[in-house]
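A short worksheet on the structure shown next.
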Amino acid sequence: MADHGKAKRGIPPKSDFNAWYPAIVEIAELVDKRYPIKGMDVWRPYGWKAMRCIDSLTHSEMERTGHEEVRFPLLIPEDLLEKENRLVSLLKRARDEGVDPSELREQQEEAGFKKEVYWVRQAGETDLDVPMFLRPTSETAMYTLFPLWIRSHVDLPLKTYQIVNTFRYETKQTRSFIRVREIHFFEAHTAHVDEECATQQIHEDLEIVSRLMSNMSLPVIVSKRPVWDTFPGAWYTIAIDVIMPNGRTLQVASCHHYKDQWAKAFDIKYQNEAGETQYCHQTTYGMSERLLGAVVGIHGDDNGLIFPPPIAPIQVVIIPVAQHKSPSVSIAVESAAESLRNVGYRIKIDDRDLRPGQKYWDWEIKGVPLRLEIGPRDVENGNALAARRTGGKDPIPLDNLVDGVRNQLDIIHSELTKRSNNHANTCVNRLESLDQEIIDGQIYEVAFDGSDSDAEVLEKSTGLTILGDTMTEYSEPQPCIVSGKMTTRCQHLARMY
RNA sequence: GGGCCCGUAGGUUAGCUUGGUCUAUACUUGACGGCUGGGGGCCGUCAGACUCCGGUUCAAAUCCGGACGGGCCCA
């Protein structure tokens, strides 16, 4: 593409990802970072619409799988936290000592959690007797009400979710969508009659993840996190990571199996058919605005963003060309827009009084997947010129626009899927021995079945972090990279965000 | 947790070392008018900034201290 020395409105090349990413989120008008609080960006209309398009996919998955939407308060009184703290410190001690949590007696221990939350200690002029904090996640709030909602086995499973803002006082460097202090957060919380039913829920969650990720053309690595990276209070954690262009992995979603650990802490019980009192088994499934960060990072190029059609805030932009020359142009443009809107496409007509070239740049930066140009010549020929953001132009007939556009968007979607899968595949290498050179920007698959101290050796010597066990093991036993003993366990190593 | 850098219009920036000539530079953006119009058009007119507080000084965008904000690197 011709670059008339104009440096593309200041977009750094994507090969310099650490400069490209923060620049593009502002240039494409997703966020405004000028709000004077660290890690709290302002969502601009275009960015917010993109997030809402992702949310809307999430909502329909929740609907499909029978989850019900709830909305819990932002503020949580401090005293509710005590139960959670006791649980977390108990589990932590059990892990440290390598014993089952039920063998330990509870003991008072301060969880490090308080440092990461925002506190409300005053209301008006009054100092609050019981301070409140802004939710960093909603277990505490929800599980205070669950015992009141669940009494009988017929109340189960309870499948709830909410999409809300959560808060975390980050002291590290912040990055739009990736590490922020106010987080746009999705959380599903479920309660079941037993461990097996909760496990089934985890399977359903993973199916939802896979459907969502395929809509967004995001290849993912699904890992069972090692114990030391398991969410506090969870029996196990399954995390979903995306490989960003610089080779760092970004955790975009996670599912936690809580067994009955939280239920015991919060007294969430039901009576079964036999009239016996049982503890519930619970799960959670979380995602965040990091999904948008991943979409931006993975699909964008030197010219700007590229949105996968299912979540593009604007799927087709229609550009009237040389409108003044013939009144037939704006008639054709209006009717094209109407027919596409009627079948549910998100359409924008750009009739600003600007040169067409400038409009093209604008919408390319913003990642609109398909552009339709309609000018006097096209009207005469009965065509619109369709330009794909992923490259290539085709005329499509005006009298069958809907099929033509659907076809074009399909091409774009599969092109994005192909590109991102290619990237993911070229990033992942097998690590055969600890002497092998670690290349920056690569992630590694490894046979590993060692102890915690072996894991430390592995992480120290590679400078990478263990993501955890893959969902499918090796079919043939392989020698563990540290201990040498034969194993089918397959794990990934990466630099994480 | 440890270390480093930075703060001038909406954006990018010159000026700061060696205080005065700053009534602060340029590009871009925005408004208005005209010519234009199939890949960043041209001309004209206009608008817009020294983060805040304190200190030094006859004099501070410039030097010193602090606050706030932004960014980077290493545990």
Side-chain angles (χ1 to χ4, degrees), chain A residues 1-12 16-42 44-46 112 115-116 169-176 178-182 246 248 301-304 317-330 332-333 336 349-366 368 370-396 398 440 456 459-465 495-497:
Chain A
M1 181 152 311
D3 175 359
H4 306 284
K6 288 223 175 182
K8 294 175 177 160
R9 289 203 183 147
I11 309 177
D16 184 3
F17 185 72
N18 294 339
W20 178 89
Y21 181 86
I24 201 65
V25 294
E26 286 205 290
I27 296 169
E29 296 185 339
L30 301 178
V31 296
D32 197 325
K33 282 193 275 216
R34 290 171 298 183
Y35 193 75
I37 299 178
K38 179 188 173 76
M40 292 195 185
D41 297 345
V42 174
R44 304 192 65 169
Y46 191 66
K115 287 181 196 155
E116 289 179 15
Y169 179 69
E170 286 289 351
T171 52
K172 292 181 192 160
Q173 188 194 351
T174 56
R175 257 190 198 86
S176 300
I178 290 178
R179 173 165 281 121
V180 291
R181 285 173 163 181
E182 179 174 357
N246 57 4
R248 285 203 178 191
D301 64 17
D302 283 352
N303 295 323
V317 62
I318 304 178
I319 305 205
V321 177
Q323 231 177 149
H324 61 288
K325 282 191 181 162
S326 161
S328 65
V329 169
S330 51
V333 164
I349 298 173
D350 185 357
D351 55 4
R352 291 176 299 168
D353 184 21
L354 295 172
R355 307 284 285 231
Q358 184 162 1
K359 298 183 186 180
Y360 300 163
W361 283 109
D362 282 355
W363 299 113
E364 277 166 17
I365 287 168
K366 291 193 167 185
V368 174
L370 189 67
R371 180 179 81 228
L372 290 184
E373 300 167 25
I374 300 180
R377 293 208 297 258
D378 308 293
V379 177
E380 214 170 286
N381 301 332
N383 285 329
L385 191 57
R388 293 183 294 275
R389 181 60 180 79
T390 47
K393 287 188 182 186
D394 285 316
I396 57 180
L398 281 170
D440 189 45
E456 215 172 317
E459 293 195 338
K460 280 257 161 64
S461 77
T462 56
L464 303 171
T465 305
R495 286 187 72 199
M496 293 171 82
Y497 262 110

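Nothing here was measured: the structure is a model prediction, and the numbers come from that model.
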5' priority, RNA chain B, between A:Val321 and A:Asn18 [closest heavy atom]: A:Val321
- request: Would you mind classifying the nucleic acid contact of A:Ile319 as base, sugar-phosphate or nothing, using non-hydrogen atoms under 4.0 angstrom?
  value: nothing
task: Would you kindly give the CG-to-P distance between A:Asp351 and B:G37, to the nearest whole Å?
output: 19 Å
task: Whole angstrom is fine here: how far is it from CZ in A:Arg377 over to P in B:G38?
output: 9 Å
message: Any heavy-atom pair between the side chains of A:Leu372 and A:Ile396 that's under 4.5 Å?
response: yes
query: Any N or O donor-acceptor pair linking the side chain of A:Arg371 to the base of B:G39 at under 3.5 Å?
result: yes
- prompt: Any side-chain heavy-atom pair from A:Trp20 and A:Ile11 closer than 4.5 angstrom?
  reply: yes
- request: Between B:G33 and B:U51, how far apart are the C1' atoms? Round to whole Å, please.
  value: 37 Å
- request: Check whether any side-chain N or O of A:Glu26 sits under 3.5 Å from a backbone N or O of A:Lys33 as a donor-acceptor pair, and report yes or no.
  value: yes
message: Below the 4.0 Å mark, does B:U36 have OP1 or OP2 next to a side-chain nitrogen or oxygen of A:Arg355?
response: no
field: Nucleotide B:G37, atom C1' - distance to CH2 of A:Trp361 in whole Å
entry: 19 Å
query: Expressed in angstrom and rounded to an integer, what is the separation of A:Lys359 atom NZ from B:G41 atom C1'?
result: 14 Å
message: Contact between A:Arg371 and A:Arg389 at the side-chain level, heavy atoms closer than 4.5 Å - yes or no?
response: no
- line: Atom CZ of A:Arg34 and atom P of B:U51 are separated, to the nearest Å, by 16 Å
query: Using atom C1' of each nucleotide, how far apart are B:G55 and B:U12 to the nearest Å?
result: 33 Å
- request: Could you work out the separation of B:U28 and B:U8 based on their C1' atoms and round it to a whole Å?
  value: 16 Å
- prompt: Between B:G69 atom P and A:Asp32 atom CG, what is the distance in whole Å?
  reply: 17 Å
message: Do A:Asp362 and A:Arg352 make a side-chain contact, defined as non-hydrogen atoms from C-beta onward lying under 4.5 Å apart?
response: yes
Closest to side chain of A:Gln358, choosing from B:G10, B:G41, B:G38: B:G41
message: I'd like to know if A:Asp362 reaches the base of B:G40 with its side chain, counting only an N/O donor and acceptor under 3.5 Å.
response: no
- prompt: When all nucleic acid strands are considered with a 4.0 Å heavy-atom cut-off, which category describes A:Lys38: base, sugar-phosphate, or nothing?
  reply: sugar-phosphate
task: Would you mind reading off the distance between A:Glu26 atom CD and B:G70 atom C1', rounded to a whole angstrom?
output: 11 Å
field: Proximal nucleotide (of B:G10, B:G39, B:G38) relative to the A:Glu373 side chain
entry: B:G38
message: I'd like the C1' distance from B:U56 over to B:U62, given in whole Å.
response: 14 Å
task: Could you measure between the two P atoms, the one in B:C68 and the one in B:U29, and give it in whole Å?
output: 37 Å
task: Verify the stacking flag for A:Tyr360 against B:G39: centroid separation must be under 5.5 angstrom and the ring planes must differ by under 30 degrees.
output: no
Within-4.5 Å side-chain heavy-atom neighbours: A:Arg175 and A:Tyr497: yes
field: Secondary-structure stems for RNA chain B, with pairs counted as Watson-Crick or G-U when both distances are under 3.5 Å and runs at least 3 long
entry: B:1-7 with B:68-74, B:10-12 with B:26-28, B:29-35 with B:41-47, B:51-55 with B:63-67
field: C1' spacing across the pair B:U13 / B:G48, given as an integer number of angstrom
entry: 15 Å
statement: From CH2 of A:Trp363 across to P of B:G39 the rounded distance in Å is 19 Å
field: Rounded C1' spacing from B:A61 to B:U18 in Å
entry: 16 Å
query: How about A:Arg388 and A:Leu370: do any of their side-chain heavy atoms sit closer than 4.5 Å?
result: yes
C1' spacing across the pair B:C63 / B:U17, given as an integer number of angstrom: 11 Å
- prompt: Do A:Lys38 and A:Glu170 come within less than 4.5 Å of each other through their side chains, counting heavy atoms only?
  reply: no
query: Under the side-chain contact (heavy atoms from CB on, under 4.5 Å) criterion, do A:Val321 and A:Arg377 qualify, and how do the steps go?
result: CA-CA 9 Å; A:Val321 177; A:Arg377 293 208 297 258; over 6 Å; no
